[in-house]
2 protein chains.
Amino acid sequence: MDTAIICPRFESAISLLSQRWTGLIIYQLLSGPQRFSHLTDVIGISGRLLSERLKNLEAQGIVTRTVYPETPVRIEYELTEKGFSLKPVMDEIQNWSQVWIDPIETK
Amino acid sequence: MDTAIICPRFESAISLLSQRWTGLIIYQLLSGPQRFSHLTDVIGISGRLLSERLKNLEAQGIVTRTVYPETPVRIEYELTEKGFSLKPVMDEIQNWSQVWIDPIETK
DNA sequence: TTCTTTAGTTACTTTATGTAACCAATTATA
DNA sequence: TATAATTGGTTACATAAAGTAACTAAAGAA
C-alpha cells in the first residue's frame with residue numbers, strides 16, 4: 001500500500017486557489033489597491049460573491065480593507081505581504097497560459 | 001472608465017485551476033502515471049468526480065489515458081507535455097505554502 | 001424632500017459537489 | 001457451473017455553492 005500522502009500545506013494552498021474567483025481577485029489586486037465596484041466590473045463577479053470572498057481573504061490575512069470616509073464612501077482592498085507573495089504563482093500561471101492556451105478558444 | 005480587461009488566456013488558465021480537485025490531480029500526476037483507484041485513495045476524491053475531471057483534462061490535452069488489458073484491467077493516467085509544464089506553477093504554490101501556511105491550522 | 005453614489009445584503013434559482021449503491025468485464029475459486 | 005473478486009467506472013439522489021436581481025444604509029447634492 002503506497003499511501004503517499006499529499007502535503008497538507010500544499011493542499012491548503014491549492015484549496016484556496018481552487019475556490020472560484022479567488023485567484024482572479026488576487027491577480028487583479030496585484031496591480032494595486034482597488035475598490036469594490038471596480039473589482040466587480042473588471043472581474044465580472046457579483047457583489048454577493050465578491051463580498052464573501054473578500055471577507056474570507058481578509059480573514060486569512062491576504063487582503064486588507066481600508067475605509068476612506070469621503071462622499072460617497074470609498075473602500076479599498078489591498079494585498080498584504082502574504083497576498084503579494086503569491087505573485088510568483090500568478091506569474092507562472094501567466095507564463096503557462098501564454099504558451100499553452102490557444103487565444104481563439106479561450107474557453 | 002478604466003476598463004482594464006483581464007488577459008483571456010490567464011483567465012482561461014485560472015479557471016482550469018479554480019475547478020475543485022483539478023489542481024490536486026495534476027499535482028499528484030507530476031510524480032508519474034497512476035491508476036484510477038490510486039488517485040481516489042491519495043486525493044480523497046470520489047469516483048464520480050475523478051471520472052469527470054479526468055475526462056475533462058483528457059479533452060484539454062493535459063492528461064492521457066492508457067488501457068492495459070491485464071487482469072483485472074489496468075488503466076493509467078499520465079500528464080502530457082502540456083500537463084507536465086504546469087510543474088513550475090505547482091512548485092510556486094508549494095513554495096508559497098511552505099512560507100505562509102501554518103502547519104497547525106492546515107485549513 | 002428627493003436623487004445619487006458606493007458598498008454591500010437578501011431572497012430565490014440554478015449548478016456543482018458529496019455519497020452510496022450499483023454495473024460490466026474478466027479471471028479465479030468452490 | 002455458479003459464485004466471488006477486482007478494477008474502473010456510472011446512476012440516482014441529497015446537500016452545498018454559485019448566479020441573479022432586487023433591495024438597503026449612509027451621506028451628501030440638487
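- Ion pairing between a basic and an acidic side chain is recognised when a charged N comes within 4.0 Å of a carboxylate O; B/Glu76 and B/Arg74 show such pairing.
- Nucleic acid contact class of B/Ser37 (heavy atoms, under 4.0 Å, all strands): sugar-phosphate only.
- Place A/Arg65 and B/Gln19 on DNA chain C by their nearest nucleotides, and A/Arg65 ends up nearer the 5' end.
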Tabulated below should be each protein N or O lying under 3.5 Å from an N or O of nucleotides 1-4 of chain C; please produce it.
none

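- Across the protein-nucleic acid pair, A/Tyr68 atom OH and C/dT5 atom C1' stand 19 Å apart, rounded to whole Å.
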Inset, instruction - Can you check each nucleotide of nucleotides 24-30 of chain C against protein heavy atoms at under 4.0 Å and return B for base, S for sugar-phosphate only, - for none, in 5' to 3' order? - result: --SS---

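- Atom CZ in A/Arg74 sits about 16 Å away from atom P in D/dG28, given to the nearest Å.
- The side chain of A/Ser51 contributes an N or O atom lying less than 4.0 Å from OP1 or OP2 of C/dT9.
- Considering only side-chain N and O atoms, B/Trp21 lies under 4.0 angstrom from the phosphate OP1 or OP2 of C/dG18.
- One interatomic measurement links the two molecules: CZ of B/Phe36 to C1' of C/dC23, which rounds to 14 Å at whole-angstrom precision.
- Heavy atoms only, all atoms of each residue included: B/Gly61 and B/Thr80 are closest at O-OG1, 2.6 Å.
- Close to D/dG9, at under 4.0 Å from its OP1 or OP2, lies a side-chain N or O of B/Tyr77.
- Between A/Tyr27 and B/Phe10, the ring-plane angle classifies as parallel under the 30° and 60° cut-offs.
- With rounding to whole Å, A/Glu58 atom CD is found 14 Å from C/dA7 atom C1'.
- At C/dA16, none of the side-chain N or O atoms of A/Arg20 fall inside 4.0 Å of OP1 or OP2 (strictly under the cut-off).
- Summarising the local packing, CD of A/Glu81 is surrounded by 12 or fewer heavy atoms from other residues, nucleotides or ligands at distances under 6.0 Å.
- Side chains of A/Glu52 and A/Asn56: a donor-acceptor N/O pair is absent below 3.5 angstrom, by distance only.
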Collect all protein-nucleotide pairs involving nucleotides 12-15 of chain D in which both atoms are nitrogen or oxygen and the distance is under 3.5 Å.
none

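- A/Gln60 and A/Lys82 get closest at one heavy-atom pair: O-NZ, 2.9 Å.
- Between the CG atom of A/Leu39 and the C1' atom of C/dT6 there is a distance of 13 Å, given to the nearest Å.
- One interatomic measurement links the two molecules: CD1 of A/Ile45 to P of D/dA17, which rounds to 15 Å at whole-angstrom precision.
- Look at B/Lys55 and you'll find a side-chain N or O under 4.0 angstrom from OP1 or OP2 of D/dT10.
- Listed pair A/Arg35 / C/dA7 meets the phosphate criterion, a side-chain N or O lying under 4.0 Å from OP1 or OP2.
- Under the 4.5 Å side-chain heavy-atom criterion for ILVMFWY residues, no single connected hydrophobic cluster contains both B/Tyr68 and B/Tyr77.
- Summarising the geometry, the separation between CD on A/Gln34 and C1' on C/dT6 is reported as 16 Å, rounded to the nearest angstrom.
- Counting heavy atoms from C-beta outward, B/Val63 and B/Leu29 have side chains that approach closer than 4.5 Å.
- Projected onto DNA chain C by closest heavy-atom contact, B/Gly47 and A/Val73 fall at different nucleotides, the more 5' of which corresponds to A/Val73.
- Minimum heavy-atom separation, B/Gln34 to B/Leu39: OE1-CD2, 3.7 Å.
- Looking only at distances, a side-chain donor or acceptor of B/Arg9 sits under 3.5 Å from a matching main-chain atom of A/Ile101.
- Under 3.5 Å, the side chains of B/Trp100 and A/Ser85 contain a donor-acceptor pair of N or O atoms.
- Whole-Å rounding puts the A/Leu49 CG to D/dA17 C1' distance at 8 Å.
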